[in-house]
Amino acid sequence: MPVETGFGFFLSLSIFLLMDQTGIGVLCVSVALLHELGHLIAMALFRVKLVRVRLQTLEIGIERQEARSLMSELCIDLAGPAVNLLLAAVCYRWGSMGFSAINCALGLFELCPLPMLDGGQALSALCQRLFTLERAGKICMAVSVCTLLLILAGGVLLVVLDRNFSLLVLLAALALALCPAKKRK
């Protein structure tokens, strides 16, 4: 299994951990690794071959073969968020609020129906099995746009309530980063 790493991954990880004075950085990295482990375990259970792991600046990407069935595809796509939400519930029960909150936040974020997130991948797989490829693409695009608009509306609401413009800028940057790229002909 090839693992591709770049200088940006180690640089951003180092800066993130060095600047973290609260200790939450190690928890965030642990939560992200457990999330990816959930995908890998599901892939192993459904005998889906791992092609490559990419460690990029702000992303861990897993490339794999396509699963044999819709159910296995959905299980693999949703395994990462499921691990995070399960850990959030367990940690909450044990009183580990910080680890619980980070797991819950990542699990819910990854379930957003945006193309590069697990929720978007699951939605795409489901729509491609139920509709024509063209219609599936239109449905996924419409859901993504609505999701991005909700994210931005939430940012505007926070600005109005808290007068926190930095959060709106952060949400706008996030929305732009998560926008699906236009396909080139």
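For clarity, every value in this text was computed on a predicted model and none was experimentally measured.
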Asker: Nearest 0.5 angstrom please: Cys146 SG to Leu114 CG, how far?
Answerer: 11.0 Å
Asker: Look only at the side chain of Ser30 and the backbone of Val26, and say whether a donor-acceptor pair between them is shorter than 3.5 Å.
Answerer: yes
Asker: Measure the shortest side-chain to side-chain distance between Pro115 and Cys140 over non-hydrogen atoms and say whether it is less than 4.5 angstrom.
Answerer: no
Asker: Please assess Gln128 against Leu133 for the test side chain to side chain contact (heavy atoms under 4.5 Å, CB included), listing each intermediate value before the final yes or no.
Answerer: CA-CA 6 Å; Gln128 287 178 19; Leu133 196 56; 3.8 Å; yes
Asker: Quick one: side chain to side chain contact (heavy atoms under 4.5 Å, CB included) partners of Val145, sequence neighbours excluded?
Answerer: Met141, Leu149
Asker: Roughly how far, to the nearest 0.5 Å, is SG of Cys104 from CE of Met97?
Answerer: 10.0 Å
Asker: Please say yes or no: joined through hydrophobic side-chain contacts below 4.5 Å, possibly via intermediate residues, are Leu34 and Val90 part of one cluster?
Answerer: no
Asker: Among the clusters formed by ILVMFWY side chains lying less than 4.5 Å apart, do Ile139 and Leu74 turn up in the same one?
Answerer: yes
Asker: Give a yes or no on whether Leu85 and Leu37 share a hydrophobic cluster (residues Ile, Leu, Val, Met, Phe, Trp, Tyr; joining criterion: side-chain heavy atoms under 4.5 Å apart).
Answerer: no
Asker: Could you pull out all residues at least two apart from Ile62 that satisfy side chain to side chain contact (heavy atoms under 4.5 Å, CB included)?
Answerer: Glu36, His39, Leu40, Met43, Leu50
Asker: For a side chain to side chain contact (heavy atoms under 4.5 Å, CB included) check, start with the C-alpha distance between Leu123 and Val143, then their side-chain angles and the critical distance, and finish with the verdict.
Answerer: CA-CA 9 Å; Leu123 177 66; Val143 171; 3.7 Å; yes
Asker: Please list, chain by chain and in numerical order, all residues satisfying side chain to side chain contact (heavy atoms under 4.5 Å, CB included) with Leu55, sequence neighbours excluded.
Answerer: Val3, Thr5, Phe9, Val53, Ile60
Asker: Output every pair passing salt bridge (charged side-chain N to carboxylate O under 4.0 Å, His left out) with a member in residues 2-19, not counting sequence neighbours, ordered by first then second residue.
Answerer: Glu4-Arg52
Asker: Determine whether Leu111 and Leu117 satisfy the following criterion, side chain to side chain contact (heavy atoms under 4.5 Å, CB included), listing intermediate values before the conclusion.
Answerer: CA-CA 7 Å; Leu111 287 175; Leu117 299 177; over 6 Å; no
Asker: Applying salt bridge (Lys or Arg N to Asp or Glu O under 4.0 Å), can you list everything that pairs with Arg129, at least two apart in sequence or on another chain?
Answerer: Glu66
Asker: Leu78, Phe46: one ILVMFWY side-chain cluster at the under-4.5 Å cut-off?
Answerer: no
Asker: Considering only residues two or more places apart or on different chains, which pairs with a residue in residues 95-111 satisfy side chain to side chain donor-acceptor pair (under 3.5 Å)?
Answerer: Asn84-Asn103
Asker: Which value, rounded to the nearest 0.5 Å, describes the distance between Ile76 atom CD1 and Ile41 atom CD1?
Answerer: 12.5 Å
Asker: Give me each pair satisfying ring pair (Phe, Tyr, Trp, His ring centres under 6.0 Å) with a member in residues 59-90, each pair once, sequence neighbours excluded.
Answerer: none
Asker: How close do Thr147 and Cys112 get, heavy atom to heavy atom, and via which atoms?
Answerer: CG2-CB, 4.4 Å
Asker: Among pairs that include at least one residue of residues 13-29, which meet side chain to side chain donor-acceptor pair (under 3.5 Å), considering only residues two or more places apart or in two chains?
Answerer: Asp20-Thr22
Asker: Which residues satisfy the side chain to side chain contact (heavy atoms under 4.5 Å, CB included) test with Ile102, sequence neighbours excluded?
Answerer: Ile24, Leu27, Cys28, Val31
Asker: Report the hydrophobic cluster partners of Ile15, with the cluster defined as I, L, V, M, F, W, Y residues connected by side-chain heavy atoms closer than 4.5 angstrom, directly or transitively.
Answerer: Phe7, Leu11, Met19
Asker: Got a sec, which pairs hit ring pair (Phe, Tyr, Trp, His ring centres under 6.0 Å) with one end in residues 70-105, sequence neighbours left out?
Answerer: none
Asker: For Arg64, check salt bridge (Lys or Arg N to Asp or Glu O under 4.0 Å) against everything at least two apart and list the hits.
Answerer: Glu73, Asp77
